[in-house]
Amino acid sequence: MPFRPLFSHPPKLPSHPVILVVGATSLIARELCRRFAARGWRIVLAGRRGDALEEIAADLRVRWPIEVTTLVLSPQDPGAADECVARANAAVAGGIDGVVVCHGKLIQEEDRFLSPREIRDLIDVNFTTAAVILGTAAAHLEQRGGGFLAAISSVAGDRGRQSNYNYGAAKAGLTAYLSGLRNRLAVKGIPVLTIKPGFVATPMIAGTPAEDSVLTATPRRVADDIDRAILRGADILYTPWYWRPILLIIRALPEAVFKRLRM
Amino acid sequence: MSAGERSLAGWGRQPRTVGSVSEPTTLAVARESIAPAHGGSLIPRGLGRAYGDSACNDHGRVVVCERLDRFRSFDPRTGLLEAEAGTSLDAIIRTFLPRGWFLPTTPGTRQVTLGGAVAADVHGKNHHHRGSFGGFVDVIELCLADGSVVRCSRDQHPDLFFATLGGMGLTGLILAVTFRLVPVPSAWVNVDYRRTRDLEHTLATFAEHDARYEHSVAWIDCMARGRRLGRSIAMHGSEAAASDLPVPWRGRPWDLSVRRAHTFPFTPPCSLLSPTTVRIFNELFYHSHGSGRRVVDIHSYFYPLDGIHHWNRMYGPSGFIQYQAFFPRESSHAGLRRLLGEIVRSGAASFLAVLKSCGPADGALLSYLEPGHTLALDIPYARGTIDDLCHRLDRILLDHGGRLYLAKDAMMGPTTFRAMYPRLPEFLTVKRRYDPNHLFSSSQSRRLGIE
Ligand SMILES: Cc1cc2nc3c(=O)[nH]c(=O)nc-3n(C[C@H](O)[C@H](O)[C@H](O)COP(=O)(O)OP(=O)(O)OC[C@H]3O[C@@H](n4cnc5c(N)ncnc54)[C@H](O)[C@@H]3O)c2cc1C
Ligand SMILES: NC(=O)c1ccc[n+]([C@@H]2O[C@H](COP(=O)([O-])OP(=O)(O)OC[C@H]3O[C@@H](n4cnc5c(N)ncnc54)[C@H](OP(=O)(O)O)[C@@H]3O)[C@@H](O)[C@H]2O)c1
């Protein structure tokens, strides 16, 4: 029962578009790339670990006769995100037609306050780098007059909770940023997709109680949802769909009640 | 159960165990999960299609390899494919059958991993010609108990290679496998069906036709008694050329438009397979398959059960075992007769009884097939009586120089195991060499006394 937005237009794409996938080593991204490649889409895999990117590239190349390029964004280089889109454009003939930002970092903060370093780090990884890449990509796509943008935010960005408000705040920032970009690019016919997964069975939540929750979805299911939403040109995707009503309720709770809940 | 602990069983859904599960997503993480620092014994697990407890480790660690599912390389000149150990045969078929390549030999389900196929040295319906899966494996990349990675083959560390093939995960964690795909003219099989009167006729049919067909299998009606004991439908198959295919497929011989699988939706409170329902089914099956030739697609011929996900649920909550026996050629007639007689007498209804012909062994130390026949049948699990029945069946096997398949076994004891697997001492020597502290251990290996 996926939610269908009223006014979505599929992105304008050439027959073999080039997609930049940032944080391509994430399990969700790995699954998503297989769906892109199966359609003959070309892919630039970006991430911080070259060997891990090469493993993914090799898999895609064996499966489908497509062009796959890897782009290592060194974690030592503070300007890596600034250059990301330019480097991707330089790496493939014709430049990129779409961007999916997938990287993210979670620190459980249930029983302690994070250190200043951890706080900066969470906001930097989840918000700042994503915003920089999406912002530069938006300028590129606006000029090109087509394509799409997508980024994985989180249901955690819909309302701050004691167990992960640093992460949640960064994701809330990302959600707001995407909403602004969408507003700006709508007239150009460039869809911007905000992806809000609930719990997904990936290394990010391994070892946390969420891992065994009945609500936890497989990366495959989530990747299927994301892929369809991109093709549709959707705005906001809750995946799996049941997170939309759940968050509707969570957002509607009065603060006086919410602040006393343990979640 | 604490976080990370899960209730686990094999495909037969019993015995149930509790294991602390990790699911690495990259080979690097898989290697880390071996590190002795983590403590406690460990067993690798693929897609859990072994029927018994070989991929379970009660109160120990279980490393699920499903997500190690990347292809590494494929050489279209030789058919050599290298892939991570969690890659399923299903993924391989989906990728390569449309390009005209297929597995050199295949078990009766696509839902097994490469690691599981190597660890059980699986066999298909063409064992009498091609041997088991191991014969097509060139290299096994293995993570040992000390965390080091070795590539073993017939030339490099052959001791480790032949202990790992068929070694049920007890020598190390298989990280990647290099093996050969074979070109096929189409995704279809020419099948000749022959209805046989009794066991003698069934074996005579195999003897007469096996040489001329790549694949050979018979479905035996376990309900038939007396002079009909061992009556069957024999299904001999060979590659179909494009010109043999139904007209719509002639121009695209490898294209099997996606067939939808159905899911067995829930576990009924009791088994649906009473002696009466099985008798009716068997009667219908036997009489609806006449003799004659048909062109059948690869999925229907090799994987008839994959059409229904979770079909194992129909045995109800108490589960079932699959008893798969091997008899060497000299004694297979006498052995099969006694085995079938015992099953029929016990009234333990069997839904499936599959007979296959086997050829030469491939040198794997714990591999179980040699020239002869193998019979596999399901027995619903019934506490108390099943132990007794299995002991009687094991006795028949031992009397006839037979052997039980470890990928199906859930009940065997250590003495029987030792008697059936004469190369066990060689296997243990290699295991001690590479895993001196017995890090790799499963519920099955402890039951069998592999320490
Ligand atoms: C319907 C059905 C039909 C079948 N038909 C046949 C058949 O025709 N012929 C046949 O030979 N078998 C057959 N089997 C059995 C099946 O092929 C084997 O049990 C196979 O080993 C299952 O693979 P898996 O990936 O599910 O492994 P699991 O069942 O999870 O594990 C099986 C063994 O492999 C080991 N293992 C798994 N992965 C690794 C790894 N990465 N490294 C080291 N060890 C590992 C485990 O420790 C365990 O000992 C059938 C099973 C079913 C359910
Ligand atoms: N799993 C969930 O329950 C869940 C729920 C909601 C939203 N999400 C979001 O989904 C996205 C994908 O995550 P996933 O679930 O697929 O998890 P994952 O497999 O653990 O992937 C995490 C990704 O983020 C990258 N990353 C982690 N820390 C980083 C850092 N400091 N700098 C740069 N990159 C870093 C990782 O790169 P390396 O491989 O190099 O480490 C990896 O590509 C994330 O944005 C996450 O926030 C996940």
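All figures in this text were calculated on a predicted structure; none of them were measured in a lab. Chain naming here is simple, since letters A, B, ... match the order of the sequence lines and numbering starts at 1 in each.
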- Among B/T25, B/V29, B/L81, single out the residue with the greatest number of heavy-atom pairs under 4.5 Å to chain A. B/T25
- Proximal component of A/L60, with respect to chain B [non-hydrogen, under 4.5 Å]: neither
- Task: Using heavy atoms and a sub-4.5 Å threshold, report which of residues 15-29 of chain A line up against chain B, by residue number.
- Result: A/L27
- Task: Identify the heavy atoms of B/F96 and A/V62 that sit nearest to each other, and give their distance.
- Result: CZ-CG1, 3.7 Å
- Task: Measure A/R61 against the heavy atoms of chain B and call it side chain, backbone, both or neither at under 4.5 Å.
- Result: neither
- Task: Apply side chain to side chain contact (heavy atoms under 4.5 Å, CB included) to B/V182 and list each qualifying residue two or more places apart in sequence or on a separate chain.
- Result: B/P104
- Heavy-atom distance under 4.5 Å to chain A: side chain of B/R67, backbone, both or neither? both
- Message: Taking atom CZ as the centre, does A/R117 end up with more than 12 heavy-atom neighbours from other residues, nucleotides or ligands that are less than 6.0 angstrom away?
- Response: no
- Item | Results of salt bridge (charged side-chain N to carboxylate O under 4.0 Å, His left out) for A/E55 - residues two or more places apart only | B/R70
- Should A/E211 and B/V21 be marked as a side chain to side chain contact (heavy atoms under 4.5 Å, CB included) after you check the CA-CA gap, both sets of side-chain angles, and the distance that decides it? CA-CA 12 Å; A/E211 194 178 15; B/V21 173; over 6 Å; no
- Value rounded to 0.5 Å, distance of CZ in A/R49 from OG1 in B/T26: 6.5 Å
- Message: So, taking the atom named CZ in A/R30 and the one named CG in B/D69, what distance separates them when rounded to the nearest 0.5 Å?
- Response: 5.5 Å
- Does any heavy atom of chain B fall under 4.5 Å from the side chain of A/A38, the backbone, both, or neither of them? neither
- Query: Who in residues 213-222 of chain A is close to chain B, using a strict under-4.5 Å heavy-atom cut-off?
  - Reply: A/P219, A/R220
- Cut-off 4.5 Å, heavy atoms of chain A, and the answer for B/E84 is side chain
